[in-house]
Amino acid sequence: MARILIAYYSRRGENYVNGNIRNLEYGNTEVMVEKLKVLLPEADVFRIETTYEYSASYMTCIEEAKLELRKQARPEVKNAPANIDGYDTVILGYPNWWGTMPMVCYTFLESYDFNGKRIIPFCTNEGSGMGSSVRFIRKLCPGAVVTDGTSIHGAEVQTADSEAREIANEAKQQ
Ligand SMILES: Cc1cc2nc3c(=O)[nH]c(=O)nc-3n(C[C@H](O)[C@H](O)[C@H](O)COP(=O)(O)O)c2cc1C
């Protein structure tokens, strides 16, 4: 059985849902991770967080994120694990932000040696799918095997059980 780490970024607060702005008590990616935890009870879980909070306002947050993308910022990861040597499979979950991952996921990927590991990405989004995130993960982690990833429509995350099973089954293979 593969030693699995589920690492994810998710933001609570206002978000864009089927064309409207809604306040999410739990982030969509976070909801997906709760499903994965049930399917993969042996996996460890690390919530990727920045040392500062993005605005809970959707309109402000998209501007903050746009600026970070433009600057190619590398926000610090709060309480980052010293290493991830003990895992051979990393499930990486994140929302699509401006067509790619939040910049803190870039920081996370650049912080460790992923050589020989498997990265299984999944991305919740409002229509842009994985965007260019998988391309960037492959670029940042050239020694890793990176699967094509699973895209989940954020507005339908509560019922995304088949996608959760797909990710969990992929993680268990090896
Ligand atoms: C800053 C920001 C940028 C976003 N950019 C996109 C985008 O480019 N394409 C898209 O489909 N959804 C976009 N979204 C919507 C999120 O990807 C979607 O709501 C996701 O499920 C949120 O996950 P979370 O609740 O785990 O953070 C964006 C949301 C935010 C807050």
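Whatever order the structure lists them in is the order used to number ligands and atoms, beginning at 1.
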Original post:
Looking only at side chains, do Tyr87 and Asp44 share a donor and an acceptor under 3.5 Å apart?
Top reply: yes
**OP:** Return a yes/no value for Asn28: is any of its N or O atoms, backbone included, closer than 3.5 angstrom to an N or O of ligand 1?
**Re:** yes
Subject >> Ligand-residue contact atoms, ligand 1 with Gly27, heavy atoms, under 4.0 Å >> reply: 25 (O), 26 (O)
**OP:** For atom 10 (C) of ligand 1, grab the closest protein heavy atom and report residue, atom and distance to one decimal in Å.
**Re:** Ser128 OG, 3.3 Å
Original post:
At their closest point, which heavy atom of Asn15 faces which heavy atom of Arg11, and how far apart are they?
Top reply: ND2-NH1, 3.8 Å
Original post:
Of all the non-hydrogen atoms in the protein, which one sits nearest to atom 19 (O) of ligand 1, and at what distance?
Top reply: Asn15 OD1, 3.2 Å
Original post:
Got Ile137 and Met101 here, is their nearest side-chain heavy-atom distance under 4.5 Å?
Top reply: yes
Subject >> Identity and separation of the nearest protein heavy atom to atom 18 (C) of ligand 1 >> reply: Asn125 CA, 4.0 Å
Subject >> Closest protein heavy atom (residue, atom, distance) for atom 31 (C) of ligand 1 >> reply: Trp97 NE1, 3.6 Å
Original post:
Can the ring centres of Tyr8 and Tyr94 be said to be less than 6.0 Å apart?
Top reply: no
Original post:
Which is closest to atom 11 (O) of ligand 1 in terms of heavy atoms, Met59, Glu14, Glu126, Met101?
Top reply: Glu126
**OP:** Could you tell me whether a side-chain N or O of Ser57 sits under 3.5 Å from a main-chain N or O of Thr60, the two making a donor and an acceptor?
**Re:** yes
Subject >> ligand 1 versus Ile62: contacting region, heavy-atom distance under 4.0 Å >> reply: both
Subject >> Distance-minimising heavy-atom pair for Ala144 and Ile119 >> reply: CB-CD1, 4.0 Å
Original post:
Between the side chains of Thr124 and Thr29, does any donor sit under 3.5 Å from an acceptor?
Top reply: yes
Subject >> Pairwise distance CZ(Arg70) to CH2(Trp98) - rounded to 0.5 angstrom >> reply: 8.5 Å
Subject >> Atom indices of ligand 1 within 4.0 angstrom of Thr124 heavy atoms, with elements >> reply: 17 (O), 20 (C), 21 (O), 22 (C), 23 (O)
**OP:** Looking only at protein heavy atoms, identify the closest one to atom 5 (N) of ligand 1 and say how far it is in Å.
**Re:** Trp98 N, 3.0 Å
Subject >> Nitrogen or oxygen of Thr29 less than 3.5 angstrom from that of ligand 1 >> reply: yes
Original post:
So is Pro95 polar-close to ligand 1, meaning N/O to N/O under 3.5 Å?
Top reply: no
Original post:
Do any nitrogen or oxygen atoms of Tyr9 lie less than 3.5 angstrom from nitrogen or oxygen atoms of ligand 1?
Top reply: no
**OP:** Kindly assign one of parallel, tilted or perpendicular to the pair Tyr54 and Tyr9, based on the angle between their ring planes and the thresholds 30° and 60°.
**Re:** perpendicular
Original post:
Which protein heavy atom lies closest to atom 27 (O) of ligand 1, and at what distance to 0.1 Å?
Top reply: Arg11 N, 3.0 Å
**OP:** State whether the side chain of Arg74 and the backbone N or O of Thr107 hold a donor-acceptor pair below 3.5 Å, judged by distance alone.
**Re:** no
**OP:** Would you kindly specify which portion of Ala65 sits under 4.0 Å from ligand 1, judged on non-hydrogen atoms: side chain, backbone, both or neither?
**Re:** side chain
**OP:** Please could you name the atoms of ligand 1 that Gly154 approaches to less than 4.0 Å, counting only its heavy atoms?
**Re:** 21 (O)
Original post:
Taking the six-membered ring for Trp, are Tyr106 and Phe136 parallel (under 30°), tilted (30 to 60°) or perpendicular (over 60°)?
Top reply: tilted
Subject >> Residue, atom name and distance, where the atom is the protein heavy atom closest to atom 17 (O) of ligand 1 >> reply: Asn96 O, 2.7 Å
Original post:
Do Gly127 and ligand 1 have an N or O pair less than 3.5 Å apart?
Top reply: yes
